[in-house]
Amino acid sequence: MRALLSGYYGKGNGGDEALLATLLQMLPPHVTPVVLSGNPQETRDRYGVETVNRMALLPVIQAMGSCDAFIWGGGSLIQDVTSAMNPFYYGGLMTLAQQMGLKTIAWGQGIGPLKRSPTRWLARQNFAGCTKVSVRDRASAALLSDWQIKSILAPDPVWALASQPVPELSDLPTPRVAVTLRSHSQLTETRLANLTRAVVDFQKATQAFILLLPFQKSEDLGIAEAIQPHLQNVSQIICLEDPQLLKGVYRGVEMTIGMRLHSLIMAAAEGCRCFALSYDPKVNRLMEELEMPGWDLANLPDDPHVISQAWIKHYTNGNPLSPEKIQSLVNQALIHREVLVEVLG
């Protein structure tokens with residue numbers, strides 16, 4: 001059996017790469033994956049899979065014709081906030097797969113926001129036509145329920161991604177705190193300056209070594225490079241392309257301050273304290289479900305001292321998830337694998 005995998009793959013985003021790595025980990029052994037990628041060579045080299053350029057229409061259609069199943073990989077594919085074209089690109093592929101008679105799976109989805117009527121209509125049609133749907137949060141499940149579409153709810157699949165240790169970490173001082181910020185309209189110049197000042201104050205108070213971890217170089221690296229000069233000799237920028245290593249880096253980290261959803265999921269899964277800076281409803285959902293402290297960026301305090309004191313308090317008194325809670329989330333995340341097995345045999 002051959003399955004065509006569609007997601008935001010090969011675009012240098014650590015979270016989406018982690019979803020792909022998890023999907024490949026969960027696919028039944030008899031299924032041959034064919035991955036639609038923004039960088040087919042890189043994806044082929046990293047995962048040892050057959051790849052197709054995601055934007056090359058004819059090769060994509062030909063690949064679909066050679067497959068038995070089509071899978072929307074996990075994440076926020078079906079939303080129209082970052083781009084109004086997202087639901088039409090992914091939705092168009094799903095519509096084509098359904099018309100060609102492939103088994104279709106919406107896997108590990110976080111749906112929305114969907115602000116526009118046409119994109120909501122298309123999303124509803126797509127999900128209704130799927131053989132099976134799994135979602136990663138209650139809000140997505142509730143939306144599908146309102147549309148009278150059955151779905152299976154389980155935590156984000158990346159909870160179950162196997163991690164690998166990062167050997168070079170052993171040469172860095174301890175304790176360590178990871179920081180992942182991303183470019184976003186809500187991360188204004190003033191807010192970034194306040195967060196930078198707060199990180200400096202936090203580092204002085206805790207004597208922690210700061211790991212600046214860009215999850216997507218195009219969005220995150222510039223911010224990390226802007227912060228690092230303020231943390232001379234007490235910080236390092238670490239860019240990791242392999243999702244299992246990216247998750248494994250948190251094994252040696254005491255606390256994470258993160259904007260990106262998967263930086264928080266990976267850190268929490270490795271037993272790390274987490275403090276969220278939310279720019280998107282999906283991060284708010286995670287904060288709510290795990291009772292994770294943090295702020296919406298729109299409500300970030302104006303005083304860097306208030307920010308750093310909140311971090312210091314959580315660093316000193318906060319608790320990571322218990323091993324039992326982590327194992328429970330991992331076990332529940334494996335429900336996404338059961339969906340694949342059920343449909344693909």
Pair E225, K217 - check salt bridge (Lys or Arg N to Asp or Glu O under 4.0 Å), show working. CA-CA 11 Å; E225 290 174 338; K217 284 184 180 180; over 6 Å; no
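- Side-chain heavy atoms closer than 4.5 Å link hydrophobic residues (I, L, V, M, F, W, Y) into clusters, and following such links, possibly through other members, connects V35 to L344.
- Clustering ILVMFWY residues whenever any of their side-chain heavy atoms sit less than 4.5 angstrom apart, transitively, puts L19 in a cluster other than the one holding I111.
- Side chain of T256 to main chain of C274: no donor-acceptor pair is present (N/O by atom type, distance under 3.5 Å, no hydrogens or angles).
- Side-chain N/O atoms of N13 and H262 include no donor and acceptor closer than 3.5 Å.
- The environment of D302 atom CG is sparse: at most 12 non-hydrogen atoms of other residues, nucleotides or ligands sit within 6.0 angstrom.
- If you take OG on S37 and CG on D16, they are separated by 11.0 Å, rounding to the nearest 0.5 Å.
- Inspection of the T95 and Q99 side chains reveals no N or O donor paired with an N or O acceptor under 3.5 Å.
- For Q236, the side-chain hydrogen bond (donor to acceptor under 3.5 Å, both in side chains) test picks out no residue, with sequence neighbours left out.
- Separating the CG atom in L277 from the CG atom in L187 is a distance of 8.5 Å, to the nearest 0.5 Å.
- Although no hydrogens or angles enter the test, the distance criterion places a donor-acceptor pair under 3.5 Å between the side chain of K247 and the main chain of V158.
- Under a hydrophobic clustering in which Ile, Leu, Val, Met, Phe, Trp and Tyr are joined whenever their side-chain heavy atoms come within less than 4.5 Å, directly or via other members, L4 and V133 fall into the same cluster.
- At distances below 3.5 Å, at least one donor-acceptor pair connects side-chain atoms of T196 with backbone N or O atoms of L192.
- Among residues two or more places apart in sequence or in another chain, the side-chain hydrogen bond (donor to acceptor under 3.5 Å, both in side chains) test is passed with D80 by T119.
- When atom types are taken as modelled, the side chain of R260 and the backbone of D220 share no donor-acceptor pair closer than 3.5 angstrom.
- When atom types are taken as modelled, the side chain of T43 and the backbone of P40 share no donor-acceptor pair closer than 3.5 angstrom.
- Without hydrogens or angle criteria, E270 side chain to G248 main chain gives no donor-acceptor distance under 3.5 Å.
- In this structure the side chain of V135 never reaches within 4.5 angstrom of the side chain of L143, judged on heavy atoms.
- Within the model, atoms CG of L161 and CG of L23 stand 11.5 Å from one another, a figure rounded to the nearest 0.5 Å.
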Test salt bridge (Lys or Arg N to Asp or Glu O under 4.0 Å) on E17 and R46; report intermediate values, then the result. CA-CA 10 Å; E17 292 303 306; R46 180 173 299 149; 3.5 Å; yes
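- Using cut-offs of 30° and 60° on the angle between ring planes, the pair W72 and F127 is perpendicular.
- With rounding to the nearest 0.5 angstrom, the CD atom of Q109 is 10.5 Å from the CG atom of D156.
- Of the N and O atoms on the side chains of S263 and T180, not one donor lies less than 3.5 Å from an acceptor on the other residue.
- In this structure the side chain of L195 reaches within 4.5 angstrom of the side chain of L300, judged on heavy atoms.
- Taken together through direct or relayed side-chain contacts under 4.5 Å among Ile, Leu, Val, Met, Phe, Trp and Tyr, V60 and M55 form part of one hydrophobic cluster.
- Q25 places a side-chain N or O within 3.5 Å of a backbone atom of A160 that can act as its donor or acceptor partner.
- Looking at R337 and S134, their side chains never bring a donor and an acceptor atom within 3.5 Å of each other.
- Of the N and O atoms on the side chains of E288 and N284, not one donor lies less than 3.5 Å from an acceptor on the other residue.
- Atom OG of S6 is separated from atom OH of Y90 by 5.5 Å, given to the nearest 0.5 angstrom.
- Across every non-hydrogen atom of A198 and P304, the tightest pair is CB-O, 3.6 Å.
- Here the closest non-hydrogen pair linking R191 and A298 is NH2-O, 3.4 Å.
- Residues R285 and S140 meet the side-chain proximity criterion, which asks for heavy atoms closer than 4.5 Å.
- Side-chain atoms of T174 do not come within 3.5 Å of backbone N or O of R176 as any donor-acceptor pair.
- No continuous path of ILVMFWY side-chain contacts below 4.5 Å connects V34 to Y47, so the two sit in separate hydrophobic clusters.
- Contacts classified as ring-ring contact (aromatic ring centres under 6.0 Å, His included) and involving residues 282-307 (residues at least two apart or in different chains) are given here: F275-W295.
- Between the CH2 atom of W311 and the CG atom of D201 there is a distance of 9.5 Å, given to the nearest 0.5 Å.
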